[in-house]
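A, B, ... follow the sequence lines: proteins, then strands. Residue 1 opens every chain. As the structure is a computational prediction, the values presented were derived from the model and not from experiment.
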Amino acid sequence: MGRFFFLQLNNITFRYSYSIMRYSQMLIRTAKEIPAEAEVISHQLLLRAGFIRKLTSGLYTYLPLGLAAIRKVEAIVREEMNRAGAQELLMPMVQPADLWQESGRWVKYGPELLRFQDRHNREYCLGPTHEEVITDIARRELHSYRQLPVNLYQIQTKFRDEIRPRFGLMRGREFIMKDAYSFDVSDEAAGQSYQTMRDAYTRIFQRCGLEFRAVEADSGSIGGSFSHEFMVLADTGEDTLVICQECEYAANVEKAKVVLLAEPASETTDDSTGEVQDCIKVETPGMKKVDRVAEFLKVTPQQVIKTMIYLADEEPVAVLVRGDREVQSVKLKNLLDVAEVELAEDDTVWKLTKLPVGYIGPVNIPIKMVADQEVMTMINAVTGANEKGHHLTGVTPGRDFTPVAVGDLRQITKEDRCPVCQGALELTEGIEVGHIFKLGTNYSEAMHAVYQDQEGKEQAMVMGCYGIGISRVVAAAIEQNHDENGIIFPLPLAPVQVIVLNLSIKNEETTATAEKLYQDLQAAGIEVLLDDRDERPGSKFKDADLIGIPYRVTVGKTWEKEGKVELRTRRDGTTTLLDYEQAASTITTSIQDELNALK
RNA sequence: CGGAACGUGGCGCAGUCUGGUAGCGCACUUGACUGGGGGUCAAGGGGUCGGAGGUUCAAAUCCUCUCGUUCCGACCA
């Protein structure tokens, strides 16, 4: 009864087997009602379709169908990683503290790192990522330039003690991740490894049948100089992307460069003559918001300089942006070179400046100040006066105040232009499913992972690291592909490719036909589920739709009357009548064609 | 971490204000009918109301503590 399919790749054959493929015997429990705890669509559907069950906050059991989808993603990832020359290994999930102390992250990583002690009071953590362990392997096993480059990967369960786990598989505390680490002799060689992974990732997500973009990204806490994120485009994405309509440029808004436009002076000055005016203090009682101040003083928000107080690693910093702009906190973090930036609370602002928020300004402010590049082009601007109920007009940067640092600090908008080609930009939402980093020598230097070059000299290995959220890919696929009836799996990720509905199990001929079709499809190497339950047709249709099987074959009335079975595609609902004799081969061909088209 | 809400059979909920020892829908079991988009009827099984303590003749219901879950915030001066 069991069946197998084989994947031939790089001389390695993986066999994946399903024990049972009869609906009546499988653990598939579907629900009509939406579980109260599920907010986003993928979470709702994964629960309703019987793919996952929650054990506790952020921790899920993958039921047979859910696991089958996970295995599909894993198989594609393995195949493409191996094709790209990476080697699979498997590291422990539990990691000793001393490795993390060596890299410095035992202190730096923060509360997301779940730490605990064993019976001897030795410190450990659950691995949220594996740079330390892999670097330890590298320094023990790799000693010569002749052994490099090497790319090692694993598919492992990670644990991150998220502040707020949510959205089911999208942000769990425990999740399945493919992580790969490359080791090279030079920066240039590491760039080559990076490019190889970038290509592999593109192939992986193409083969998954997902609509995605690779975008320039902030490298975040993992560190490193350069990185790309792979984003599945979906309305519910947690990230915002900016995509150029003209060229290939695409970036996370955390990273997207704002280019200064040469705007006519009249737009940023309250005087079309462009003459620099004197700085004057004016009363603005109760005017805290930019819009109110601008309206009151009969200027536009573009002529106001907004002063925001942030805490950068606990140190207060005043941040200046134009009145209609927003601070991009990741850019701020990078400019200040700190680990954390946080907007100061109102009472913190009061303690620091003895001012209510709304009247703070850059002129003679006693705290460290940085400004967005755009601010420095303004003249005769309006700012807070650092006095309750007052603002200043005629403020000009450079003359009236000088920031300690100036840079690109604001969030990009769709009115901005592409930093590469000046083309129009579009903003869209995305779900991060993959992230690749050039790490450089951060870890290898900290942990002394070195090799000997041709001259016998010790050199730090140049590293890269590359992650894919396997379980998140499944959630993202559903976010991107569903309708009111349920999941619509892209064929490569579907837990099974075909579902055969036997609509009258009491009719021996119908049943025999459905059975034969089931067996023929299996024999042809197709993954097929036979719905042999004693249920009414309506329930079978609803369940087939809900669990998202791409192809559905119905053996029922049409078979009894006309000797034909019905083939229906889940995505567009098109139905074709097939003679029984052709059915298995037609379906097989169709599936193979569709899969090949993605390769 | 801050704010809010919720915890009642497997799931979704009512009952809580106005204490009197538990109810509905789905799911499940049995039977009959039915059989192309989650059917109908009938008969059943299953909960002591998150936990602990308290008030009371009496607590799902009131009080205290606690645990858990979910949502919101963690952004615009």
Taking only N/O atoms, report every protein-nucleotides 2-4 of chain B pair under 3.5 Å with atom names and distance.
none

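For the 3.5 Å distance criterion, the side chains of Q411(A) and Q328(A) qualify, holding a donor opposite an acceptor.
T513(A) has its side chain out of reach of L517(A): every pair of non-hydrogen atoms, C-beta onward, lies at least 4.5 Å apart. Between Q277(A) and T396(A) there is no side-chain heavy-atom pair separated by less than 4.5 Å.
Only the P atoms considered, C11(B) is 34 Å distant from C33(B), to the nearest whole Å. Comparing the same atom, P, in U30(B) and in G38(B) gives a spacing of 24 Å after rounding to whole Å. Comparing U21(B) with A27(B), their C1' atoms are spaced 27 Å from each other, to the whole Å. When the P atom is used for both C67(B) and C76(B), the distance is 32 Å, rounded to whole Å. The separation of G3(B) from G12(B), taken at their P atoms, amounts to 27 Å, rounded to a whole angstrom. Between A4(B) and G45(B), the two C1' atoms lie 39 Å apart (nearest whole Å). Taking the C1' atom of each, G50(B) and G68(B) are spaced 7 Å apart, rounded to whole Å. Taking atom P on both U70(B) and G15(B), the two are 24 Å apart, rounded to the nearest angstrom.
For R48(A), counting side-chain heavy atoms from C-beta on, the closest listed nucleotide (G38(B), A77(B), U70(B)) is G38(B). For R536(A), whose side chain is taken as the heavy atoms from C-beta onward, the closest listed nucleotide among G39(B), G37(B), A77(B) is G39(B).
In terms of polar N and O atoms assigned as donor or acceptor, the side chain of N485(A) never comes within less than 3.5 Å of the base of G37(B) in a complementary pairing. Between the side chain of E33(A) and the base of G25(B) there is at least one donor-acceptor pair of N/O atoms closer than 3.5 Å. In terms of polar N and O atoms assigned as donor or acceptor, the side chain of R166(A) never comes within less than 3.5 Å of the base of G73(B) in a complementary pairing. Side-chain atoms of E37(A) and base atoms of G12(B) include no donor and acceptor less than 3.5 Å apart. In terms of polar N and O atoms assigned as donor or acceptor, the side chain of D545(A) never comes within less than 3.5 Å of the base of G38(B) in a complementary pairing. With hydrogens and angles ignored, a donor-acceptor pair closer than 3.5 Å exists between the side chain of K506(A) and the base of G35(B).
At a threshold of 4.0 angstrom between heavy atoms, the contacts of K557(A) include nucleobase atoms, whether or not backbone atoms are also involved. Note on R53(A): nothing from the nucleic acid sits closer than 4.0 angstrom, heavy atoms only. At a threshold of 4.0 angstrom between heavy atoms, the contacts of L47(A) with the nucleic acid are absent. Among the atoms of the strands shown, none is found under 4.0 Å from any heavy atom of A318(A). Within the 4.0 angstrom heavy-atom criterion, base atoms lie near R568(A). Base engagement by E566(A) is indicated by at least one non-hydrogen atom pair under 4.0 Å involving a base atom. Residue-level contact check: T554(A) touches the bases, meaning some heavy atom is under 4.0 Å from a base atom.
Pairing of C17(B), defined by two Watson-Crick or G-U wobble distances under 3.5 Å, is not identified with any nucleotide. In this structure C1(B) sits in a base pair with G73(B), meeting the Watson-Crick or G-U test at under 3.5 Å. The base-pairing partner of G46(B), taking Watson-Crick or G-U wobble contacts with both distances under 3.5 Å, does not exist among the strands shown. Figure legend. C11(B) is base-paired to G25(B); pairs are counted as Watson-Crick or G-U wobble with both atom distances under 3.5 Å. Across every strand in view, U64(B) sits in a pair with A52(B) that passes the Watson-Crick or G-U test at under 3.5 angstrom. Remark: C33(B) base-pairs with G39(B); criterion is Watson-Crick or G-U wobble with both hydrogen-bond distances under 3.5 Å.
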Requested in this report: May I have the step-by-step check of side chain to side chain contact (heavy atoms under 4.5 Å, CB included) for K516(A) and V555(A), ending in yes or no?
Outcome: CA-CA 11 Å; K516(A) 184 77 169 44; V555(A) 187; over 6 Å; no
Requested in this report: Given side chain to side chain contact (heavy atoms under 4.5 Å, CB included), test V341(A) with L311(A) step by step and report yes or no.
Outcome: CA-CA 6 Å; V341(A) 295; L311(A) 293 178; over 6 Å; no
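The backbone N or O of Y23(A) lies less than 3.5 Å from no partner atom in the side chain of D531(A), so there is not a single donor-acceptor pair.
In this structure, Y359(A) has its ring center closer than 6.0 angstrom to the ring center of H391(A). Taking the ring centroids of F167(A) and F175(A), they lie at or beyond the 6.0 Å cut-off.
Annotation: cation-pi geometry not satisfied between R115(A) and W100(A) (NZ/CZ under 6.0 angstrom from ring centroid, within 45° of ring axis).
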